[in-house]
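Structure first, then comments.
Atoms within a ligand are numbered from 1 in the order they appear, just like the ligands themselves. Computed from heavy atoms alone, side chains included, the values below leave out hydrogens, waters and symmetry copies. Since this is a predicted model, take the numbers as computed values, not measurements.
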Amino acid sequence: MLTKLKQNVSRLLGNGKKKTQRLERREIPRDEHNVSRSMISEPAKKVLHRLNKAGYEAYLVGGGVRDILLDGKPKDFDIATNATPEEVHNLFRNSRLIGRRFRIVHVLFGREVIEVTTFRGNALDNDDSSDTQRKTSEHGLLLRDNVYGNQEEDALRRDFTINALYYCIRDFTVIDFAGGIDDLKQRQLRLIGDPETRYREDPVRMLRAIRFAAKLDFEIEPATEAPITQLAELLDHIPSARLFDEVLKLFSAGHGEATYDLLTRYGLLAPLFPQTAKATQEGQPDELIRQALRNTDARIRQGKSVTPYFLFAAMLWPALQAEWQRRQDQGEPLQPAFHQAAAKVIGRQVQATSIPKRFSGPMKEIWELQLRLPRRQGKRALATMEHPRFRAAYDFLLVREASGDTEPGLGQWWTDFQAADTRGRERLLSELASTGPKPRRRRRSSHRNRAS
Ligand code: ATP
Ligand code: MG
């Protein structure tokens, strides 16, 4: 067992090439860290206690420990245990077994989900070809990873050192196997083991590096940073549904603009949004994307909700503009060109990241409403306001105006119109009739490539 463990450690270290990482178990007693039980949710504590009482080891791990150590509030709580998924499932009536690639258990408490994973080991250098528990593809991609192990092995298969810290609720210690505490102090992200190997096993780790760097305002340590750009295209082989989930995580942590900059810097925008990367490289401005991300970040800080379809509508807007223009240049009339362009852009995007229909529909509506918002005469304004996506489309218009995508003015009109009473609305509409837009035919022909 011990030699096996040593082999694994040596494999993770690239066979002794890089000995900079500390890999001895270090226990930090309660009076030397700030993780207190009051920071941990009741459901998470319940799961820890029940597992312990049943005779299993159980620790809080991952973001739950990391964020508390950084004086932050964890988004969710993950637990690692030596109980098998079935044993965990049997212990909690309110649980379900999920996942194929990684079998885990979700214990449900109302809206809170506690994720419980069984300690994983590393059977890669077990050259028994009948091994079906842990499998990698010819490119080094980890296909399946259900070999159970002990806590130390579990620590070493995690991604970043700061994500491999364990909190023990029995004696209140924090346990560090990979130098995570030192890296937290130095505010840096460091992959455990040989970075290239670890990215090849799971290319999504590159996106996780960016996500944590932006969210925590950490540096990516040089050896962890170095291979990213070159390996970025490995993400092309990741299922589009998993990339969609990652995109949502990337942009809903409240640091969207920083995340966007980092993705661009490391060549990771292209695998996620190939058309956006191409359109901006070809000179389409991305100020609208930045403005939308700034708005989203501000909303998240205020505790407001953000919708995936608004984010995608913004991310794909430059590509939509380019495609729309291309079709008009080929002589397609404005409106059909717009609809065709929207369908085309969505069709291409879902090959990179899936977009569930419940999001792609509303996204298209936000775009289409950009053509409707300028047409306000008669009963049109009131009808447009009834549209279920009006509010999102109006917000989108404000973002377009703030980013210089279209002339300001229309947004203010809609702001006033929504705030006005019946009389006020009549006045706004009559002013429109006297001063405002020219007859329909002329106004249409004045459209160029902008939906204004
Ligand atoms: P947050 O929940 O705040 O996004 P987190 O670090 O808890 O951050 P999760 O996705 O919840 O991230 O994963 C929990 C833990 O599982 C991580 O901290 C890490 O230890 C491990 N982990 C998750 N994804 C991977 C991965 N792709 N490769 C290796 N370890 C991973
Ligand atoms: Mg987590």
Side-chain angles (χ1 to χ4, degrees), residues 12 35 39-41 43-44 47 59-81 98-99 101-107 112-122 124 134 136 140-147 149 151-167 174-180 183-184 189-218 224 231 234-235 238-239 242-243 245-255 259 300:
L12 280 162
V35 182
M39 303 291 296
I40 305 167
S41 76
V47 175
Y59 303 89
L60 199 64
V61 67
V65 183
R66 178 196 69 218
D67 292 348
I68 295 177
L69 285 166
L70 288 169
D71 292 323
K73 194 174 175 300
K75 179 168 70 69
D76 49 39
F77 291 95
D78 305 296
I79 287 172
T81 178
I98 60 159
R101 213 171 69 98
F102 298 105
R103 292 191 72 205
I104 57 178
V105 182
H106 277 176
V107 189
E112 185 167 344
V113 179
I114 306 296
E115 199 162 289
V116 185
T117 54
T118 302
F119 291 153
R120 288 219 179 67
N122 213 312
L124 263 192
R134 192 171 200 270
T136 55
L141 183 75
L142 198 52
L143 300 175
R144 207 161 35 230
D145 188 11
N146 281 321
V147 178
Q151 189 188 7
E152 176 154 8
E153 291 171 304
D154 185 73
L156 300 184
R157 65 94 194 167
R158 290 179 182 274
D159 49 6
F160 302 98
T161 62
I162 60 166
N163 286 346
L165 295 164
Y166 298 75
Y167 172 77
V174 169
I175 305 153
D176 179 4
F177 292 95
D183 286 333
L184 271 185
L189 282 158
R190 179 198 300 271
L191 269 175
I192 298 171
D194 172 56
E196 181 165 341
T197 309
R198 302 305 312 281
Y199 288 137
R200 285 190 184 279
E201 278 178 0
D202 182 4
V204 169
R205 289 171 184 152
M206 294 186 272
L207 299 176
R208 291 175 59 86
I210 302 309
R211 174 152 73 87
F212 296 127
K215 168 177 158 169
L216 307 172
D217 194 19
F218 271 36
T224 298
L231 298 180
L234 291 176
L235 285 165
I238 300 298
R242 186 164 177 223
L243 289 188
D245 290 345
E246 271 321 301
V247 165
L248 293 195
K249 287 190 203 159
L250 279 162
F251 290 110
S252 56
H255 306 272
T259 301
I300 293 168

Applying a 4.0 Å heavy-atom criterion (strictly less than), which segment of [X] is in contact with ligand 1: side chain, backbone, both, or neither?
X	answer
Asn163	both
Lys75	side chain
Asp202	side chain

Any Lys/Arg nitrogen of [X] or [Y] sitting under 4.0 Å from an Asp/Glu carboxylate oxygen of the other?
X	Y	value
Asp245	Lys249	no
Arg200	Glu196	yes
Arg66	Asp183	no

**Request:** Under the salt bridge (charged side-chain N to carboxylate O under 4.0 Å, His left out) rule, what do Arg157 and Asp202 come out as? Steps first, then yes or no, please.
**Result:** CA-CA 11 Å; Arg157 65 94 194 167; Asp202 182 4; over 6 Å; no
Locate the shortest heavy-atom distance separating [X] from [Y]; write the atom from each residue and the value.
X	Y	value
Glu153	Gly121	CB-CA, 3.8 Å
Asp159	Arg198	O-NH1, 4.4 Å
Leu235	Leu243	O-CD1, 3.6 Å
Val65	Leu60	CG2-O, 3.3 Å

**Request:** Apply the test salt bridge (charged side-chain N to carboxylate O under 4.0 Å, His left out) to residues Arg158 and Asp78: give CA-CA distance (whole Å), side-chain angles for both, the deciding distance (0.1 Å), then the verdict.
**Result:** CA-CA 13 Å; Arg158 290 179 182 274; Asp78 305 296; over 6 Å; no
**Request:** Examine Asp78 and say whether one of its N/O/S atoms is closer to the Mg ion (ligand 2) than 2.8 Å.
**Result:**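 It does: Asp78 brings an N, O or S atom closer than 2.8 Å to the Mg ion (ligand 2).
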**Item:** Element-labelled atoms of ligand 1 that are located less than 4.0 Å from some non-hydrogen atom of Asp78
**Value:** 7 (O), 11 (O), 14 (C)
**Prompt:** Which of the atoms in ligand 1, numbered in the order shown and given with their element, are less than 4.0 Å from a heavy-atom of Gly62?
**Reply:** 18 (O)
Judged by non-hydrogen atoms, does [X] sit under 4.0 Å from ligand 1?
X	value
Arg157	yes
Phe160	no
Arg211	yes
Asp76	yes

**Message:** Quick check: Gly63 and ligand 1, any N/O pair under 3.5 Å apart?
**Reply:** yes
**Prompt:** Taking just the N, O or S atoms of Asp76, which one is nearest to the Mg ion (ligand 2)?
**Reply:**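 In Asp76, the heteroatom (N, O or S) nearest the Mg ion (ligand 2) is OD1.
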**Item:** Of the listed options Arg205, Arg208, Lys215, Arg66, closest to atom 22 (N) of ligand 1 (non-hydrogen atoms)
**Value:**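 Going through Arg205, Arg208, Lys215, Arg66 one by one, Arg208 has the nearest heavy atom to atom 22 (N) of ligand 1.
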